[in-house]
J.: 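Quick one: structure below, then a few questions.
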Amino acid sequence: MSVETKVEYEVVIGLEIHAELNTESKVFCGCGTTFGADPNSLVCPVCLGLPGSLPVLNRKAVEYAIKAGLALNCEIARYSKFDRKQYFYPDLPKAYQISQYDLPLCRKGWVEFEINGEVRRVGINRVHLEEEAGKSVHSGERLLGSEYSLIDYNRGGIPLIEIVTEPDLRSPEEARVFLEQLRQLLLFTGVSDVKMEEGSLRCDANISLRPKGSTKFGAKTEVKNLNSFRSVQRALEYEAQRQREVLESGGTLYQETRHWDENRGVTVAMRSKEEAHDYRYFPEPDLVPLVVDEAWIERLRAELPELPRAKQARFVEQYGLPRYDAEVLTTSPQLADFFEACVAEYGQAKPVSNWIMGEFLRLLKAEGKAIQQVQLSPKGLADLLHLIDQGVINANVGKEVFEEMFHTGKEAGAIVKERGLEQISDTAALAAIVDQVIAANQDAAETVRSGEMKAIGFLVGQVMKQTGGKANPKLVQQLLRERLLGD
Amino acid sequence: MEAMDVRPGAAAGAEVPRLSTADVAKVAAQARLRLTEEELEKLSGQLSDILRMAAELKAIDTEGVEPTAHGIPVYNVMRDDVVVPSMSQADVLSGAPEKQDGYFKVPRILEEA
Amino acid sequence: MELHDLTAHELRQKLDSGEVTSRELTEAFLRRIEQLDGALGAYITVAAEEALAQASAYDEARAKGEPTHPLGGIPVALKDNLVTRGLRTTAASRILENWVPPYDATVVERLRGVKAPMLGKTNMDEFAMGGSTETSAFKVARNPWDLSRVPGGSSGGSAIAVAAGMAVWSLGSDTGGSIRQPAAYCGIVGMKPTYGRVSRYGLIAFASSLDQIGPFTRDITDCALALNLICGFDPKDSTSVDVEVPDFTKALQVDPKGLRIGVPVEYLSQPVDPDVRAALDKALKLLEENGAVIKEVSLPSTKYALEVYYLIAPAEASSNLARFDGVRYGLRVPASDVPRMMEETRSKGFGPEVKRRIILGTYVLSAGHYDAYYKKASQVRTLLRRDFDKAFADVDVLFAPTTSSTAFRLGEKTQDPLSMYMTDYFTIPVNLAGLPGLSMPCGVDKDGMPIGLQIIGRPFGEEQVLKAAYTYEQLAWPKGAGREWRAGREVAVDVR
């Protein structure tokens, strides 16, 4: 028997994330940034790169980039500048992209996230501000093989931040979880819509393998076209496996760019620009340097909202919520705000959390709605919970009422009155119905008498059915026990 | 004393680039230009002359000297985030060599961005 | 004197008195263009209809008693790298031969704002790259005083138009001397203001960190009027500077006493035509006799200015001209795919000088060369600025020749780019340091060709420059600089 010594490999991943900033106007001109407008209808001499036109920097774009940097714990550069990144491409109107090269706005940050109960920290190498390119529509399904392409410059000039991580990620799953965490951070900061499906958040990944314990990096592959969180993980899993197989079969890996084919579930080597390696960066002479002083940074820092991890910790601490609840409630700033507003109205946290995580999220998801589109107010939910507490309605009826409030925004009390949903807590009236039910269900009654308490549920259900769900379930139970067990 | 008072003629000859026609062709391709053999020949000589002249700068001590990007140094020129009307689609496309359905039309792209 | 010989401030009186209408004036200039321009080649596009419409608009406004601007109603010409809405703008290049811009440059908006009839777009070196207007893709431009000579460049057409009475004044652009040098060669006044004084929005860029728009005029008074109209911060140009714009006509004072004039010793040691040197000395002597103080100053780094310029300008140009790729506007040479289409278009659309500079600039910016060339040049540029700062601690203005000799002959330097580049020796440092510089006539050489005197000011020191220029003009040429030697001399074109 031979002993096989198999090399164990470690996966090394770094990400380059592009996020469009949600400013009203473009980064270097006053054109709007609306998604889905008619082609070439949000274009001016500047973003069309007409001869003679000049860029003027959007202050808000700078502030959003700084805020993103602060949320990622970066150092903000006191002095930075813009550079031209030059390459020829039809969707790039000036044949250069205004970007930042050696003096980016933000550097040296980090992000913490939790995976499998462990806290991991990923370094952020830099965050810089740049402009979007236009968009090409190809006559065929893909660029390659298309007879011709059509160009729309509406997107050209939308502000973009590029976030470059250190190669600190160690598994495809980690990459996905990190990216989700990053998305959430940007969402909370309010600087980007971070919609991967609309392309306002995009991610390229660098991945390489090295023998465990080695400190040297292997030849890396840049994987492009990762259009969802799921595809990030899938593509990297595929790529890690592919690289492992090459190495294990004694092959050599070369630095290259590969395209993720979502349908086939494979990465394919890409034909890329010949001069891709020489962008001939130089300082953009049409823009002046950016000087950011302490006061400006502090003002922006003060405007930053509480970020997800801090909020989760506070929810656990302040409201005594389980960790799970805190995580669910902080998936978006709007949800967290709604929760807190409800608690402020109602007084107790856990029942509010239960209703939000249960009915509220269920309805949101079922109807594909955003919180802002929902009629229900925090006070409305609090009123509903009070009605249940006071025994005016029972919890099941509460769900019905909740659904109507969710759609119409009507007050709980009004709905209950209008639809006659008040709980029946009149002992005499209920006793009569209980007696009827026992008479009609002798078998079940006998079972309960013999001590099998499970059957009592059936009888309660029958009473509820007779009362259209309005009977006070506690009272019904009590009456049944009195009659059957003599309690 | 300013170091560049002395113009060192000797240093100039040291690393003077001499561009071959192949070098020029390569740079031209980068700039999306194609030149005839004759043009390449002429240009390699002329560019070499200019670079030889430029090589004089190498000897100047610029240690710690900030580069000048503009004649007049200013900083932080910014605009407010306010939308102003764009051009009409007709104006945007008015110079287009080829267009279709409100888009600029180009032949096969061949390369990924 | 004929209408076409008058200055703007003289014509102002005639317009205000009603002696002549703007329309009549414009018609006279259009006739003059028709007569002369076939031989001189100053205009690429004559905009007769538009100019007459603008003139009529001015006349109507005046008739209604609306307030008028000193330059309102006065015909002007524009270099063809200034973008004009609805009016073809070519930069004298095949690649933009049929481009009709959908927007106006900021200076053009200002001209429209005061209802100045724009006679047309003037000839120039292709994309302003050249010093003789010989790189124009469209026509030969000739010096009005000797048709075998160049008018200078790159704004040659704008200089010819004013010198030959085919426009009252004109606008050009100056990246390394492109206003001052042709002004000198054609015997008129030309000024490059401080970098950032005039908005570059709508100026087709050559080298963004050096380009500046400025006027050509017949005398210093008109120059001040033109500056009043075109200077000022523009929110569309981040590099235009938000400083107060004075009324430049207030600087039009004869005040030689105590005027401190610096003469850079490095400029004096440069080989200069003896006639040019004599004219400069004579001007200095006249001012000194009237109480000015002449001082030698040193600009040690200027000896590197040419090298710095011929690294920085092509580098920026290579980037600025990359957008001409056949996708959105201008020429497209059809081809089966995008890379080939771009290459065919650019190879056919650009002339040899433009290609030369694009390739040089591309090389200078390519990986591995950036630090040695572009960055180094930018650092030496800082040293050069410091030289000027130091010099201006002791003097108000600097005097120098504009060019080392008068206009050279057509074709004389086209085969030798370096010798052509050398003609910018005295003007380039001013662009690198972003300073205001003016050229004005100060005599003629033995062949009767005009000589230019260059007056350089500190940043935003246009007023001191104008004051020194006006003082010299009134002392030496009280009827207007250049006009006296020109008196009775018709341009060298047979107009019969």
Side-chain angles (χ1 to χ4, degrees), chain B residues 2-5 7 15 17 19 23-24 26-35 39 42-43 46-47 49-51 53-58 60 62-74 77-79 87-88 90-98 104-111, chain C residues 99-100 102 194-196 209-210 235 238-239 241 300-301 303-304 306-308 310-311 318 322 325-330 332 335-339 341-343 346-347 350 352 355-356 358-360 362-363 366 372-373 375-383 385 417-418 431-435 459:
Chain B
E2 301 272 347
M4 63 285 159
D5 277 12
R7 188 169 185 159
E15 280 174 70
L19 290 183
D23 293 334
V24 177
K26 207 180 119 205
V27 180
Q30 251 189 311
R32 290 279 192 273
L33 290 171
R34 197 162 28 78
L35 302 172
E39 285 175 310
K42 205 162 141 187
L43 263 177
Q46 291 172 340
L47 293 182
D49 285 350
I50 295 166
L51 292 173
M53 180 177 96
E56 307 253 341
L57 297 182
K58 285 189 184 160
I60 305 172
T62 50
E63 186 70 37
V65 176
E66 278 300 312
T68 289
H70 301 95
I72 303 300
V74 280
V77 178
M78 285 174 274
R79 43 172 276 272
M87 291 197 285
S88 69
D91 269 356
V92 171
L93 294 165
S94 64
E98 214 183 333
F104 291 85
K105 190 175 177 184
V106 294
R108 268 180 220 165
I109 293 184
L110 290 191
E111 309 157 316
Chain C
W99 186 50
V100 178
T194 309
Y195 186 85
S209 78
L210 301 164
S238 317
T239 63
V241 182
S301 301
K303 59 173 166 284
Y304 300 114
L306 213 59
E307 286 91 327
V308 169
Y310 278 98
L311 294 176
S318 71
D325 59 6
V327 174
R328 291 158 299 277
Y329 44 79
R332 173 187 292 186
S336 59
D337 58 68
V338 161
M341 181 277 282
M342 289 182 177
E343 195 171 273
R346 291 166 61 78
S347 299
F350 292 134
K355 284 183 197 163
R356 173 161 41 240
I358 289 175
I359 290 172
L360 176 59
T362 304
Y363 179 81
S366 56
Y373 292 121
K375 190 175 173 206
K376 185 80 181 181
S378 303
Q379 287 175 311
V380 178
R381 194 175 170 185
T382 304
L383 300 179
R385 267 180 44 210
L418 267 181
N431 297 80
L432 290 173
L435 308 174

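Proteins come first, then strands; the chains are lettered A, B, ... in the order of their sequence lines, and each starts at number 1. Since we're looking at a predicted model, the values are computed, not measured.
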J.: I'd like to know which of Arg79(B), Glu98(B), Glu39(B) tops the heavy-atom pair count under 4.5 Å against chain C.
T.: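 It is Glu98(B).
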
J.: What part of Thr62(B) lies closer than 4.5 angstrom to a heavy atom of chain C: side chain, backbone, both or neither?
T.: both

J.: So what's closer than 4.5 Å to chain B heavy atoms on Ala335(C): side chain, backbone, both or neither?
T.: backbone

J.: CD1 of Ile50(B) to CD of Glu307(C): how many Å apart, nearest 0.5 Å?
T.: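 So the gap between those two atoms works out to 11.5 Å.
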
J.: Is Leu43(B) in contact with chain C via its backbone, its side chain, both, or neither, using a 4.5 Å heavy-atom distance?
T.: side chain

J.: As an exercise: rank Gln46(B), Glu66(B), Lys105(B) by heavy-atom pairs under 4.5 Å with chain C and give me the winner.
T.: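 Most heavy-atom pairs under 4.5 Å with chain C: Gln46(B).
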
J.: Given that the side chain runs from C-beta out, which part of Arg34(B) has a heavy atom under 4.5 Å from chain C: side chain, backbone, both or neither?
T.: both

J.: Need one label for Ser318(C): side chain, backbone, both or neither, based on atoms under 4.5 Å from any heavy atom in chain B.
T.: neither

J.: Within the distance-only criterion (no hydrogens, no angle test), does the side chain of Thr382(C) pair as donor or acceptor with the backbone N or O of Thr68(B) below 3.5 angstrom?
T.: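 Here the side-chain-to-backbone pair exists.
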
J.: Are the side chains of Tyr304(C) and Ile60(B) in touch, meaning some heavy atoms are under 4.5 Å apart?
T.: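 Yes - at least one pair of side-chain heavy atoms lies under 4.5 Å apart.
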
J.: Where on Val74(B) is there a heavy atom nearer than 4.5 Å to chain C: the side chain, the backbone, both, or neither?
T.: side chain

J.: Can any side-chain N or O of Arg108(B) pair as donor or acceptor with the backbone N or O of Asp337(C) at less than 3.5 Å?
T.: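 Looks like no, no N/O pair under 3.5 Å.
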
J.: Side chain, backbone, both or neither: which part of Leu35(B) has an atom under 4.5 Å from a heavy atom of chain C?
T.: side chain

